[in-house]
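Structure first, then comments.
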Amino acid sequence: MTSVFEEKNCTKAIMRVGLPAMLGQLATLIYNIADTFFVSLTKEPAAIAAVTLCAPILLIIMSIACIFGMGGSSVIARLLGEEEKEKSGTTMNFCVYAMAMAGVITLILGLVFLQPLAKVSGADTENMAYTCDYLKWIFLGAPFIMLANGFVHLFRSVGLIKEGTIGLILGNGINMVLDYVFIAILGWGTAGAALATSLGFVCATVYYIACMVGEACKGNLLVPWRLSCFSPNRTMVKNVVSIGIPGALITVLMSVSNIVLNNYISIYGSDAVASYGIAYKLDLIPILLSVGLSQGVAPLVGYYYGGNRKKQMSDMVKYTVLYGILLGAVFTAVFMLLGNALAGFFLQDDALIEQTGYFLRILCLSAPLLGVINMMTSYFQALGKAVKSLTITLLRNAVLFIPGVMVLNHVWKLQGVIAAQPVVEAVLTVICMVMYGKDKKCLPVCCRALFPLDKTV
């Protein structure tokens, strides 16, 4: 079979890298929903709220992996485009060991500051115990959570797309089975959900390491795993970190914005937090599928950029955005029609079902816009233009979102807080289109007076 990096048909190339990445994200989504479903069997809104409140902390742990996973992936893809295989392999090795060390540090710091982190997440006296139970087991699994999430990006960048997806699905599948055992059978509640999550990532990490060993035994220079191959230099570390930190900040700032959002929603009680948590988990379907699609094609974009194949790169971006918009539109229609019915799978109380369905119908309005926002973020990361990628993230999760939540809460109370997401992402979509147009030197004539073209881009 032709290497995906040499695939001539743009649509086929997108399907070959995008579908496995979307499948992996879908597996992650299913485990997220499974966590919520099994915890909901306890019929304790405070327990459901605790899982929602802990989600940003889990995202922050994953984001640290992005420093080396996404940063390394961008560097490796561009090096492969320049036919620098040995440098690609050395970069891969450095990223793996760096993630392992960062995971151990996170484990120690997380356990030391467990209760303060729970309070910052928005936990109150009603759900503090549930929140601490969840966080304890998540921090114990931090090294494996980081490695598993980083391996996915690194494997895609060297063409091990199938292996990257299998590891993700394996970990999430084991997590769901253990969710049933620990929560439904043993009754361990939120602690059981977190333990299942950590053990799932342990299994995924073991699989990825086995794949690396197997590839190294075959003589694949791109995936050296021995510690003796650990030979980072200043330039390598700078290249990885300069892309990886903005990539990590995407998730960190997303977590910060979610913490702010959770704190505002918690003003209205645990029932409101529980309803939002379920609505958000359902809305994660189009969100994560869009993320998977854009992240899946990112190595190809970086490869074409490194090889100076600008026409193929532009086609890749154009078609990925189009497919992302269509995908989001389908989910918006489904959630509009079936919002209450979907909420009924998780809740028994009619009032909560109605409220959750209403929240879902508001949140899903931004689903088609994700095709633009996520692809633009991945595009700038793939090209090594970290500042522009970070700009989108800052606008999305801090500059626009946090003030938006505050203002809309003042104007429309709880409904306004929920509406902040689609309002902000509508504005951001326009900004992303302008940024991409300027980058491609095809800004509309009417905007050129405000945004003069940068000749150095």
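Since the structure is predicted, the reported quantities are computational estimates derived from the model, not experimental observations. The figures here come from the full heavy-atom set of this structure, side chains too, leaving out hydrogens, waters and symmetry mates.
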key: Residue pair Met336 / Leu365: nearest heavy atoms and the distance that separates them   = CE-CD2, 3.1 Å
Rounded distance [0.5 Å steps], CG in Leu107 versus CG in Leu111 = 5.0 Å
query = Do you know the tightest heavy-atom contact between Ala272 and Gln355?
reply = CA-NE2, 3.9 Å
query = Is there a side chain to side chain contact (heavy atoms under 4.5 Å, CB included) between Met376 and Val321 once you walk through the steps?
reply = CA-CA 9 Å; Met376 290 303 100; Val321 167; 4.2 Å; yes
inquiry  = Let me confirm one number: the OG1-NZ distance from Thr131 to Lys119, rounded to the nearest 0.5 Å.
reply    = 12.0 Å
query = Should the ring pair Phe182 and Trp188 be called parallel, tilted or perpendicular, given that the plane angle runs from 0 to 90° and is split at 30 and 60?
reply = parallel
task = Output the distance between atom CG (Leu383) and atom CG (Asp439), rounded to the nearest 0.5 Å.
result = 7.0 Å
inquiry  = Ignoring hydrogens, what is the shortest heavy-atom contact between Arg361 and Gly339? Give both atom names and the distance.
reply    = NH1-CA, 4.3 Å
message = Return the NZ to CG distance between Lys388 and Leu390, rounded to the nearest 0.5 Å.
response = 13.0 Å
ask   = Can you name the closest pair of heavy atoms from Thr190 and Tyr130 and give their distance?
value = OG1-O, 3.1 Å
task = For Tyr379 and Thr320, test the side chains for any donor-to-acceptor distance below 3.5 angstrom and give the result as yes or no.
result = no
query = Looking only at side chains, do Gln421 and Asp283 share a donor and an acceptor under 3.5 Å apart?
reply = yes
key: Sequence neighbours excluded - ring-ring contact (aromatic ring centres under 6.0 Å, His included) pairs with any residue from residues 275-294   = Tyr276-Tyr280
task = Determine the minimum heavy-atom distance between Pro422 and Ser366, stating which atoms define it.
result = CA-CB, 3.7 Å
remark   = Interatomic distance, CZ@Arg156 vs CD1@Ile76, rounded to 0.5 Å, equals 13.5 Å
task = Taking the six-membered ring for Trp and the single ring otherwise, decide whether the centroids of Phe144 and Phe201 are under 6.0 Å apart.
result = no
message = If you compare all heavy atoms of Glu163 against all heavy atoms of Tyr207, which two are closest, and at what distance to 0.1 Å?
response = O-CE2, 3.3 Å
